[in-house]
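Just so it is clear, the values below take in all heavy atoms, side chains as well, and ignore hydrogens, waters and symmetry mates. In what follows, residues are counted from 1 in the order of the sequence shown.
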Amino acid sequence: MPTPSTSRPPRRRLLTAVLTTVALLATVTVSACGGSAEADGNKGKLRVGYQRFGGLSLVKARGAAPDVEWSLFESGPALTEALKAGSIDIGQVGEAPPVFAAAGKIPFSIIGTSAPIPQGEAVLVKADRGYRSFADLRGKTVALNKGSNVHWLLVRLLEANNMTLKDIQVKYLKPAEGRPAFDNGQIDAWVIWDPYFALAEQPGVQVLADATGLASNREYVLAAPQAVDKRSDEIRAFLQRYREVTDWGIAHPEERASTLAPELKIPQDVTSRALARSAKPLAPVTPAIGDELQAITDTFIALELIPGPVDLRSRVDDRFSAVFQ
């Protein structure tokens, strides 16, 4: 007589295998959804790009935003490239990087700015060269970081002295390249911003001109559009901390310098000197800010430094402006 139970274990095993497969598929699906959400910016830490010395450096140094992921960049153009690559959500730059980034079709929104900082960038020369004004640099070699805030200062200085780019020899050098070239006499003038500016203020170095009356030299807060749309609450909370730390620093200059100097890895007296002229309060973006950036953009297009047309006004997003008011 046949044994009635011989066929049941295989069925049970088959059922178990099917259920296991379904469970695994469900796990993979949930995992895939989670990965997609992370790619969309809904999970993980807010990724913040900062430059040495800018207001965000103080936020980092004080540990005021422990829930963000920090990335350090030498200059604004490098930071905007990170926005393009999708490796940061938000960052702070000077006034020319947004112009060059927009010309390069990099997606971003301008969500904050600062009061003008004209004394925070300058043209440095060696005192023994005998230069007395920017006009004396006609035919000379002038170095700067391409696409940074100082690029706009150079343009304005040329205009103010009835000169053009053809009247000087422009050499594009990153800050780490510009300092040794300047120190070794390989260039005649170096257009640079703080804290590199303050670090280079050694005996025998002369400030030929700064941006006073020529350029605002504001800071700008840029954010990836996807982050602005999907992580607005996190961005708003971060900007609030940014604003609070900035205000604290302005009210407590000595403590600010002692906090920031170790983060910058530069002497405290140099930090204090740079901060005294370059630390300014944050400010909301307005239509006037859009007009200011558009004027810079239109000038760069006219000089054929970037391709046009470029609409900077449309990049201004005031949804976070209440934080800065």
Side-chain angles (χ1 to χ4, degrees), residues 53-55 75-76 92-100 110 112-127 129-138 140 142-168 170 175 178 182 187-198 200-201 205-220 250 273-303 305-306 312-313 316:
F53 182 73
S75 65
Q92 162 261 327
V93 299
E95 59 195 350
V99 174
F100 280 78
I110 304 167
T113 186
S114 74
I117 316 171
Q119 294 176 321
E121 58 180 356
V123 181
L124 304 183
V125 297
K126 295 292 183 64
R129 295 289 184 93
Y131 303 129
R132 293 292 175 262
S133 71
F134 186 83
D136 293 336
L137 295 177
R138 190 182 298 271
K140 304 301 182 181
V142 180
L144 68 148
N145 192 84
K146 184 177 182 178
S148 290
N149 54 339
V150 290
H151 209 151
W152 177 235
L153 173 57
L154 175 65
V155 168
R156 295 289 289 127
L157 281 164
L158 290 168
E159 290 177 347
N161 288 276
N162 297 313
M163 297 165 65
T164 71
L165 287 167
K166 295 179 180 180
D167 291 318
I168 58 173
V170 178
F182 180 68
I187 56 177
D188 296 292
W190 188 27
V191 196
I192 191 61
W193 65 90
D194 275 323
Y196 308 106
F197 168 16
E201 286 183 288
V205 173
Q206 175 188 348
V207 177
L208 194 63
D210 63 24
T212 300
L214 297 170
S216 294
N217 189 35
R218 300 178 192 271
E219 290 185 359
Y220 287 94
I250 291 170
R273 184 169 69 251
L275 288 169
R277 63 188 172 215
S278 292
K280 301 295 181 181
L282 297 171
V285 290
T286 62
I289 292 296
D291 291 342
E292 188 173 307
L293 280 170
Q294 191 63 53
I296 296 172
T297 303
D298 293 343
T299 302
F300 277 123
I301 292 172
L303 293 172
L305 292 171
I306 60 171
L312 252 291
R313 290 188 183 91
V316 173

Nearest 0.5 angstrom please: [X] [atom1] to [Y] [atom2], how far?
| X | Y | atom1 | atom2 | answer |
| --- | --- | --- | --- | --- |
| I110 | R218 | CD1 | CZ | 12.0 Å |
| L144 | W152 | CG | CH2 | 14.0 Å |
| Y220 | L282 | OH | CG | 12.5 Å |
| D210 | Q119 | CG | CD | 5.5 Å |
| M163 | F134 | CE | CZ | 5.0 Å |

Report yes or no: does [X] contribute a side-chain atom to a donor-acceptor pair with the main-chain N or O of [Y] at less than 3.5 Å?
| X | Y | result |
| --- | --- | --- |
| S114 | K280 | no |
| S148 | V150 | no |
| T113 | E219 | yes |

Residue that, paired with D188, satisfies salt bridge (Lys or Arg N to Asp or Glu O under 4.0 Å) out of K126, R129, K140: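 Running salt bridge (Lys or Arg N to Asp or Glu O under 4.0 Å) over K126, R129, K140 with D188 returns exactly one hit, R129.
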[X] side chain near [Y] side chain, heavy-atom distance below 4.5 Å:
| X | Y | value |
| --- | --- | --- |
| L154 | I168 | yes |
| P175 | N145 | yes |
| V155 | L305 | yes |
| L137 | L208 | yes |
| L124 | V207 | yes |

Derivation and outcome, side chain to side chain donor-acceptor pair (under 3.5 Å), residues S216 and E292: CA-CA 9 Å; S216 294; E292 188 173 307; 3.1 Å; yes
Looking only at non-hydrogen atoms, find the nearest pair between [X] and [Y] and report the distance.
| X | Y | value |
| --- | --- | --- |
| A209 | L157 | CB-CD2, 4.0 Å |
| E95 | A215 | OE2-CB, 3.6 Å |
| I187 | A143 | CD1-CB, 3.5 Å |

Over 12 foreign heavy atoms within 6.0 Å of NZ, K146: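 Count not over threshold, so no.
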Y196 vs S75, side chain to side chain contact (heavy atoms under 4.5 Å, CB included): CA-CA, chis, key distance, verdict: CA-CA 11 Å; Y196 308 106; S75 65; over 6 Å; no
Test side chain to side chain contact (heavy atoms under 4.5 Å, CB included) applied to N217 and L153, step by step: CA-CA 8 Å; N217 189 35; L153 173 57; over 6 Å; no
Side chain to side chain contact (heavy atoms under 4.5 Å, CB included) between F182 and V205, intermediate numbers included: CA-CA 10 Å; F182 180 68; V205 173; 3.9 Å; yes
Below 3.5 Å, can you tabulate the donor-acceptor pairs from side chains in residues 293-303 to any protein atom, sequence neighbours excluded?
| residue | atom | partner | partner atom | Å |
| --- | --- | --- | --- | --- |
| Q294 | OE1 | L312 | N | 2.7 |
| Q294 | OE1 | R313 | N | 3.3 |
| Q294 | NE2 | D298 | OD1 | 3.0 |
| Q294 | NE2 | V310 | O | 2.9 |
| T297 | OG1 | L293 | O | 2.8 |
| T299 | OG1 | A295 | O | 2.9 |

All side-chain contact (heavy atoms from CB on, under 4.5 Å) counterparts of A274, not counting sequence neighbours: F53, D194, A198
Salt bridge (charged side-chain N to carboxylate O under 4.0 Å, His left out) between E121 and R156, intermediate numbers included: CA-CA 13 Å; E121 58 180 356; R156 295 289 289 127; over 6 Å; no
From CA spacing to verdict: side chain to side chain contact (heavy atoms under 4.5 Å, CB included), V191, V123: CA-CA 4 Å; V191 196; V123 181; 4.2 Å; yes
